[in-house]
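Heads up: the structure comes next, in structure tokens.
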Amino acid sequence: MNQTTEPNGFRYRCVGIGIGPANLSLASLLHSHPEVSNLFLERNDTFSWHDGQLIPGATLQVSLLKDLVSLSDPTNAFSFLSYLHAQGRIYHFINAQFDAIPRQEFRNYMEWASRNNKNLVFGEEVRAVEFDGLFHVRTNRRTVRAENIAIGIGHQPWIPRYAQDKLGSTQFHVTDFLDRSRAVEGKRVAVVGGGQSGAEAVLDLLSRRDALPRRVCWISRRENFFPLDDSPFTNDYYMPSHSDYFARLDRATRAKFNSRQVLTSDGISLSTLQEIYQRTYVHRFVNGSPDLVMLRPNREVVQVTGAPGAWDIAVRHNDHPGAVEHVDADVIVWATGYRPASMDFLAPIDARLERESQEYRIDQNFAVRWDGPPDRNIFIQNAARQQRGLADPNLSLLAWRSQRIIDRLCGARTDNQQPSFIEWAVEVPGREPRRV
């Protein structure tokens with residue numbers, strides 16, 4: 001139902017704002033619900049997903065089953081396996097025996113899903129959302145009316161404030177890595193950030209054969225370059241039952257958990273760490289380049305001065321906070337993560353929405369708590385890490401979260417998975433314990 005002009009009186013059951021993985025999952029699952037009229041709007045002209053940092057060889061850190069739909073509806077036409085079948089290469093994929101899906105392949109899969117869903121519209125920017133019993137979603141082209149809206153605009157790159165006025169061709173976020181790191185041969189490059197993105201940038205720089213930088217310095221606040229914790233019981237943190245348990249905890253307990261368990265989400269793939277270590281060995285001991293790789297964990301960048309091509313990075317050691325080191329760099333790559341994107345279009349109704357710290361307060365179906373009618377919902381996707389834990393920005397619960405939203409829209413409840421092996425909650429007095 002992709003209309004350019006809505007007839008008088010027409011309204012959608014749900015209008016989505018933003019088409020990243022989260023809302024693309026919702027749109028894909030809604031495709032099987034023709035009774036729920038829906039429209040999804042994206043300001044960019046085409047689908048994109050970290051396109052500027054899809055470094056060759058980078059792989060997905062989650063299972064192929066954690067696609068847009070499979071963990072909610074394995075028969076859905078927008079599954080990853082449906083994509084492979086539609087491309088005529090499902091046997092080739094099986095024969096390739098990938099240990100992990102190439103990230104470019106997963107990005108191509110999501111683009112395929114976006115092209116084949118006629119309820120998605122690109123190149124249309126939402127400017128404001130108003131409410132008078134229905135939501136009026138005003139774009140740069142028109143106004144559409146909706147009973148509910150689903151916001152999934154994703155995250156934007158985060159860079160320390162002291163560096164924001166210095167960005168350009170020689171200092172940039174890793175999201176622009178592919179384009180801006182091409183001319184670094186013979187230069188001193190500093191990569192700031194100890195997560196997977198930083199590791200992939202370092203590995204790419206050390207793999208350039210005849211076009212190597214003069215030096216690659218890797219700086220991280222973490223005590224070391226730590227691997228992703230991908231063990232079975234740890235992955236129970238990325239199940240629906242733990243997400244619901246986490247949401248019931250008090251704010252301080254949730255914050256401590258997110259801090260302690262960050263490596264379950266933002267650690268580095270072991271294979272990436274092994275490749276970096278091996279390349280460092282070869283460069284230092286085999287190729288005779290002892291100064292090519294400089295590893296500086298357990299340090300925090302506190303200031304950057306200088307000019308393009310001659311940056312001075314001031315670094316404070318966490319164990320010796322009184323001492324400041326200095327690193328010279330021609331190019332700085334900030335692999336410092338993302339923050340939820342601004343939702344300025346909600347300004348007309350923002351005062352009516354409840355907040356919890358920096359986030360909108362959501363209920364169990366990911367709807368914002370507000371003073372509007374209970375059958376008019378503002379769903380928020382991928383912007384509740386403090387309330388829903390490390391799994392919220394992760395791909396693991398995409399389909400489950402989308403299904404929760406659809407349940408609210410349809411007045412249903414479809415949770416049908418077995419609970420975790422782990423008893424997360426305290427035993428309630430008087431409740432018969434689960435038999436084992």
Side-chain angles (χ1 to χ4, degrees), residues 1-2 16 18-34 36 38-42 44-124 152 154 175 177-179 196-197 200 203-204 207 230 235 238 269 271-272 275 381-382 394-403 406 417:
M1 191 175 292
N2 180 0
I19 305 176
N23 263 354
L24 184 56
S25 169
L26 179 60
S28 299
L29 287 169
L30 280 174
H31 197 269
S32 301
H33 292 269
V36 181
N38 63 91
L39 176 73
F40 287 77
L41 306 170
E42 166 60 48
N44 293 319
D45 291 332
T46 58
F47 178 83
S48 64
W49 183 62
H50 302 307
D51 287 7
Q53 63 182 89
L54 290 173
I55 298 170
T59 58
L60 208 62
Q61 289 185 297
V62 298
S63 165
L64 63 86
L65 295 177
K66 294 181 175 180
D67 61 14
L68 298 171
V69 296
S70 289
L71 293 185
S72 176
D73 178 10
T75 66
N76 190 283
F78 292 102
S79 70
F80 183 72
L81 290 181
S82 294
Y83 157 75
L84 291 176
H85 185 271
Q87 304 304 307
R89 59 172 183 260
I90 192 166
Y91 287 99
H92 306 79
F93 182 85
I94 294 171
N95 293 344
Q97 299 181 12
F98 289 112
D99 292 328
I101 303 174
R103 197 177 302 168
Q104 180 72 52
E105 175 85 316
F106 200 76
R107 180 256 179 229
N108 292 347
Y109 150 64
M110 291 191 290
E111 182 185 31
W112 166 84
S114 73
R115 291 198 313 267
N116 286 279
N117 190 333
K118 301 305 180 183
N119 293 346
L120 275 57
V121 177
F122 289 88
E124 186 165 354
T175 193
F177 183 80
L178 285 182
D179 288 336
Q196 180 70 15
S197 295
E200 289 173 356
L203 179 58
D204 180 78
S207 305
D230 193 30
N235 277 324
Y238 297 86
S269 296
S271 59
T272 305
E275 287 192 69
Q381 300 221 64
N382 197 9
N394 190 279
L395 295 175
S396 295
L397 295 180
L398 275 184
W400 168 77
R401 183 175 57 197
S402 295
Q403 188 61 56
I406 293 172
Q417 298 300 310

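Basis for what follows: all heavy atoms, side chains included, without hydrogens, waters or symmetry-related copies.
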Between the side chain of [X] and the main-chain N/O of [Y], is any donor-acceptor distance below 3.5 Å?
X: N117; Y: N119; value: yes
X: Y109; Y: L81; value: no
X: Y83; Y: N108; value: no

Just how far is it from atom [atom1] of [X] to atom [atom2] of [Y], taken to the nearest 0.5 Å?
X: Y238; Y: D230; atom1: OH; atom2: CG; result: 9.5 Å
X: W49; Y: Q104; atom1: CH2; atom2: CD; result: 9.5 Å
X: E42; Y: S114; atom1: CD; atom2: OG; result: 9.5 Å
X: L65; Y: S79; atom1: CG; atom2: OG; result: 9.5 Å
X: F106; Y: K66; atom1: CZ; atom2: NZ; result: 11.0 Å
X: S63; Y: I101; atom1: OG; atom2: CD1; result: 7.0 Å

Donor-acceptor contacts under 3.5 Å from residues 26-34 side chains, at least two apart:
residue : atom : partner : partner atom : Å
S28     : OG   : L24     : O            : 2.7
S32     : OG   : N76     : ND2          : 3.3
H33     : ND1  : E35     : OE2          : 3.0

Summary of salt bridge (charged side-chain N to carboxylate O under 4.0 Å, His left out) pairs that have at least one residue in residues 80-108, sequence neighbours excluded: D51-R107, R89-E105, R103-E200, R107-E111
Minimal non-hydrogen separation, [X] against [Y], with atom names:
X: S402; Y: Q381; answer: OG-OE1, 4.0 Å
X: G154; Y: N382; answer: CA-ND2, 4.2 Å
X: I19; Y: V121; answer: CD1-O, 3.9 Å
X: N23; Y: G152; answer: ND2-N, 3.2 Å
X: A22; Y: R401; answer: CB-NH2, 3.5 Å

In sequence, state the C-alpha distance, the side-chain angles, and the governing distance for V62 and N394, and then conclude on side-chain contact (heavy atoms from CB on, under 4.5 Å). CA-CA 9 Å; V62 298; N394 190 279; 3.9 Å; yes
Is the shortest side-chain heavy-atom distance between Q87 and W112 below 4.5 Å? yes
Please work out whether the ring planes of F80 and F93 are parallel, tilted or perpendicular, with thresholds of 30° and 60°. perpendicular
Aromatic ring centroids of F122 and F47 under 6.0 Å? no
